Asker: 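Sharing a structure below in structure tokens format, with a few things to ask.
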Number of protein chains: 2
Amino acid sequence: MTTGVLPNSSKSQLPLRETADRLREALRQRKAVVIIGSCAVDYSGRARSRLDYGGRIVLIKQDGALLIHRPYGYLPVNWQPSKCHFHVEYADGLLNLKAIRVSPPETVQMRFKGVYLFSGLDLEDEGRFSLYASELDMKKALIMQPDLIEQGLKIVSSEKRVAPGFADIYGRDRAGTSVIIEIKRDTADREAVLQLYNYVKATAGHQPLRGIIVAPALGKGCQRLLETLNLEFKQLDPHLCSEILARRQQSGRDRSIGEYL
Amino acid sequence: MTTGVLPNSSKSQLPLRETADRLREALRQRKAVVIIGSCAVDYSGRARSRLDYGGRIVLIKQDGALLIHRPYGYLPVNWQPSKCHFHVEYADGLLNLKAIRVSPPETVQMRFKGVYLFSGLDLEDEGRFSLYASELDMKKALIMQPDLIEQGLKIVSSEKRVAPGFADIYGRDRAGTSVIIEIKRDTADREAVLQLYNYVKATAGHQPLRGIIVAPALGKGCQRLLETLNLEFKQLDPHLCSEILARRQQSGRDRSIGEYL
DNA sequence: TGCTAAATCTCGAAC
DNA sequence: GTTCGAGGTTTAGCA
């Protein structure tokens with residue numbers, strides 16, 4: 001069955017009344033919808049916004065997620081996460097599309113004065129997605145091979161609850177001194193250093209306690225802050241970590257990692 | 001000129017070789033492109049990812065932003081911010097589309113084994129976007145009407161540089177005591193409290209110094225932390241702030257706000 | 001449900 | 001160019 005509709009010339013407009021009917025039916029069938037057209041948008045909920053008319057690309061996904069994109073930039077100008085309900089109406093020569101979110105209560109109201117492209121398709125997507133060189137990969141690699149940080153380091157636990165939050169890794173160095181490790185997959189900034197400092201402060205008792213930031217790089221202004229707070233930095237490349245993981249998993253020696261994660 | 005192409009029945013596929021040509025031309029003309037089809041994706045750059053074949057919606061914007069969406073969820077599964085360059089190729093019965101980012105060096109490689117919809121359109125979008133009840137609105141409202149926090153409070157400056165960053169607002173209370181104010185448009189969490197604490201700590205001299213978190217709500221576990229750190233909380237609704245702003249702007253008494261922002 | 005922190009976060013502004 | 005913090009951030013993982 002044909003669910004896609006296109007104008008026969010660029011920027012010519014589809015009849016809005018019919019498009020409204022098609023859109024309503026596509027949404028009822030939980031299809032993935034793409035609308036390109038000139039629309040204005042009002043958002044009301046946690047915040048409130050108003051967007052005047054302009055050429056936009058609107059996506060409605062099969063789980064009820066809504067994305068309204070301008071012709072530039074990564075971010076949608078308006079949106080709604082999945083589980084939205086939709087209401088379609090043709091009135092006063094406009095195609096009105098309303099997205100309603102229950103909790104928190106929010107609405108996004110679109111008014112189309114022209115639609116250049118409409119499509120409703122059933123998309124099947126069971127493809128597996130794998131991400132490598134994330135912070136999780138760094139943590140896994142460090143747990144399997146703690147000497148990536150320093151010789152003799154032993155991991156005691158990961159995601160240890162410390163008063164203000166969670167420390168990524170908690171361990172003990174060769175001398176038996178406790179070590180708290182904070183991992184960042186990007187250049188560690190001031191905030192990361194303070195985060196570690198808060199963990200160290202919250203955990204510190206009478207025994208000595210080291211705090212180490214592990215990241216591919218340290219922010220420029222952070223070097224001084226780090227020294228002031230008596231913390232340490234150890235450089236580590238996330239790509240290297242994911243390669244170490246790949247090698248270990250190939251040789252089937254990754255059974256012991258589960259107990260830490 | 002027709003730039004949109006649609007199959008004449010749902011899920012029927014467009015000829016990939018022709019689609020590759022159309023895509024290449026649309027990109028050359030800096031059009032906004034939508035491709036719906038079955039594709040696999042490899043990303044390599046700051047991190048690395050692999051996505052197996054499945055039904056996807058691909059957006060390429062006029063500034064070179066790339067979004068690859070699965071049929072569910074708010075977030076794209078793969079993406080690239082604006083300023084990408086693209087390379088199109090038809091080979092081995094596949095339509096290959098490569099997005100290249102210069103800095104940081106990253107690539108996203110898409111392999112289409114089927115395309116259900118292709119569209120390239122020139123979208124004009126000069127529409128103005130206005131956001132209300134943001135953190136900035138809260139700040140503006142507080143500057144114009146400091147007694148929203150407490151009677152007798154005077155604003156000294158906003159965005160005051162304190163050692164580790166910026167305090168939202170710096171002022172003096174009725175008794176002449178200095179006050180640092182940290183604004184959050186959402187429930188203030190532990191991190192917000194610690195952020196304010198760091199500002200207060202960095203600024204504190206011999207004189208007394210108050211720190212106040214202004215937000216619509218305070219996170220549950222934060223109440224104790226706040227007391228421990230000797231900080232204060234003042235409830236304030238961002239929607240109320242935007243209404244106050246709207247009223248003031250209507251009555252034209254907003255001339256004095258510029259000097260603070 | 002609430003809290004905690006990551007994210008290939010993006011984006012814009014300031015220095 | 002780097003740094004910094006906001007964002008209607010969203011999302012996933014846990015207690």
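To find a chain, count down the sequence lines: A is the first, B the second, and so on, and within it residues start at 1. Quick caveat: nothing in here was measured; it's all calculated off a predicted structure.
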Asker: Can a donor-acceptor pair under 3.5 Å be found between the side-chain atoms of B:Tyr43 and the base atoms of C:dT8?
Answerer: yes

Asker: Can you check the distance between D:dC4 and D:dG8, where both ends of the measurement are the P atom (answer in whole Å)?
Answerer: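 To the nearest whole Å, 22 Å.
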
Asker: In terms of the nearest nucleotide of DNA chain D, which residue is placed more toward the 5' end: B:Leu131 or B:Gly73?
Answerer: B:Leu131

Asker: So what does A:Ser49 touch, heavy atoms closer than 4.0 Å: a base, only the sugar-phosphate, or nothing?
Answerer: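 Here A:Ser49 touches no strand at all.
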
Asker: Could you give the CZ-to-C1' distance, from A:Arg46 to D:dT9, as a whole number of Å?
Answerer: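 Going from CZ in A:Arg46 over to C1' in D:dT9 covers 8 Å.
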
Asker: Between B:Glu106 and B:Arg46 (side chain of the first, backbone of the second, donor and acceptor by atom type, cut-off under 3.5 Å), is there such a pair?
Answerer: yes

Asker: If I pick the P atom on C:dT8 and the same atom on C:dT4, what distance separates them, to the nearest angstrom?
Answerer: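 Here C:dT4 and C:dT8 have their P atoms 23 Å from each other.
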
Asker: What integer distance in Å separates B:Tyr132:OH from D:dG8:P?
Answerer: 14 Å

Asker: Between A:Asp42 (side chain) and A:Gln109 (backbone), is there a donor-acceptor pair under 3.5 Å?
Answerer: no

Asker: Could you grab the distance from atom CD1 of B:Ile244 to atom CD of B:Gln145, nearest 0.5 Å is fine?
Answerer: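 B:Ile244 atom CD1 to B:Gln145 atom CD measures 4.5 Å (nearest 0.5 Å).
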
Asker: Can you confirm whether A:Lys83 is buried at NZ, in the sense that more than 12 heavy atoms of other residues, nucleotides or ligands lie under 6.0 Å from that atom?
Answerer: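 Not more than 12 within 6.0 Å, no.
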
Asker: Does anything in residues 225-240 of chain A come within less than 4.0 Å of DNA chain C? Heavy atoms only, and list the residues if so.
Answerer: none

Asker: List for me each residue that meets salt bridge (Lys or Arg N to Asp or Glu O under 4.0 Å) alongside B:Glu89, sequence neighbours excluded, and say none if there are none.
Answerer: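 Listed in chain order: nothing, the list is empty.
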
Asker: Give the intermediate values and the outcome of side chain to side chain contact (heavy atoms under 4.5 Å, CB included) for residues A:Ile180 and A:Tyr170.
Answerer: CA-CA 5 Å; A:Ile180 286 181; A:Tyr170 186 77; 3.7 Å; yes

Asker: Between N or O atoms, less than 3.5 Å apart, protein on one side and nucleotides 3-5 of chain C on the other: list the pairs.
Answerer:
residue : atom : partner  : partner atom : Å
C:dC3   : OP1  : B:Lys220 : N            : 2.5
C:dT4   : OP1  : B:Arg190 : NE           : 2.6
C:dT4   : OP1  : B:Arg190 : NH2          : 2.2
C:dT4   : OP2  : B:Arg190 : NE           : 3.4
C:dA5   : OP1  : A:Phe166 : N            : 3.2
C:dA5   : OP1  : A:Tyr199 : OH           : 2.4

Asker: When all nucleic acid strands are considered with a 4.0 Å heavy-atom cut-off, which category describes B:Arg185: base, sugar-phosphate, or nothing?
Answerer: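 Sugar-phosphate: the residue B:Arg185, judged by heavy atoms under 4.0 Å, touches backbone atoms but no base.
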
Asker: Let me spell it out: for each of A:Leu75 and B:Tyr74, pick the nucleotide of DNA chain D with the closest heavy atom. Which residue's pick is nearer the 5' end?
Answerer: A:Leu75

Asker: How about A:Ser82 and A:Lys61: do any of their side-chain heavy atoms sit closer than 4.5 Å?
Answerer: no

Asker: Using whole Å, what does the distance between atom C1' of nucleotide C:dT8 and atom CG of B:Leu51 come to?
Answerer: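 Going from B:Leu51 (CG) to C:dT8 (C1'), I get 14 Å.
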
Asker: Would you jot down, in residue-number order, the residues of residues 52-71 of chain B having a non-hydrogen atom under 4.0 Å from DNA chain C?
Answerer: none

Asker: For the backbone of B:Ile169 and the side chain of B:Lys139, can you confirm whether one donor and one acceptor N or O come within less than 3.5 Å of each other?
Answerer: no

Asker: Pick the closest DNA chain C nucleotide for A:Asp186 and for A:Ser103 by heavy atoms, then say which residue is nearer the 5' end.
Answerer: A:Ser103

Asker: Start with the C-alpha gap between A:His69 and B:Leu67, add the side-chain angles, then the distance that decides, and say whether side chain to side chain contact (heavy atoms under 4.5 Å, CB included) holds.
Answerer: CA-CA 10 Å; A:His69 276 279; B:Leu67 299 149; 3.3 Å; yes

Asker: Is there a side-chain hydrogen bond (donor to acceptor under 3.5 Å, both in side chains) between A:Gln223 and A:Glu227? Walk through the geometry before answering.
Answerer: CA-CA 6 Å; A:Gln223 184 63 57; A:Glu227 288 163 14; 3.0 Å; yes

Asker: To the nearest Å, give me how far apart CZ (A:Arg48) and C1' (D:dG7) are.
Answerer: 17 Å

Asker: Show your reasoning for whether side chain to side chain contact (heavy atoms under 4.5 Å, CB included) applies to B:Asp168 and B:Met138.
Answerer: CA-CA 10 Å; B:Asp168 285 327; B:Met138 294 177 76; over 6 Å; no

Asker: Is there a residue in residues 76-85 of chain B whose heavy atoms reach under 4.0 Å of DNA chain C, and which residues are they?
Answerer: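 Residues of residues 76-85 of chain B under 4.0 Å from DNA chain C: B:Val77, B:Asn78, B:Trp79, B:Pro81.
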
Asker: Sequence neighbours left out, what passes salt bridge (Lys or Arg N to Asp or Glu O under 4.0 Å) with B:Arg56? Give chain and number order.
Answerer: A:Asp125

Asker: Start with the C-alpha gap between A:Glu126 and B:Asp52, add the side-chain angles, then the distance that decides, and say whether side chain to side chain contact (heavy atoms under 4.5 Å, CB included) holds.
Answerer: CA-CA 8 Å; A:Glu126 301 293 325; B:Asp52 294 332; over 6 Å; no

Asker: State whether the side chain of A:Glu182 and the backbone N or O of A:Ala192 hold a donor-acceptor pair below 3.5 Å, judged by distance alone.
Answerer: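 Side chain of A:Glu182 to backbone of A:Ala192, a donor-acceptor pair under 3.5 Å: no, none is there.
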
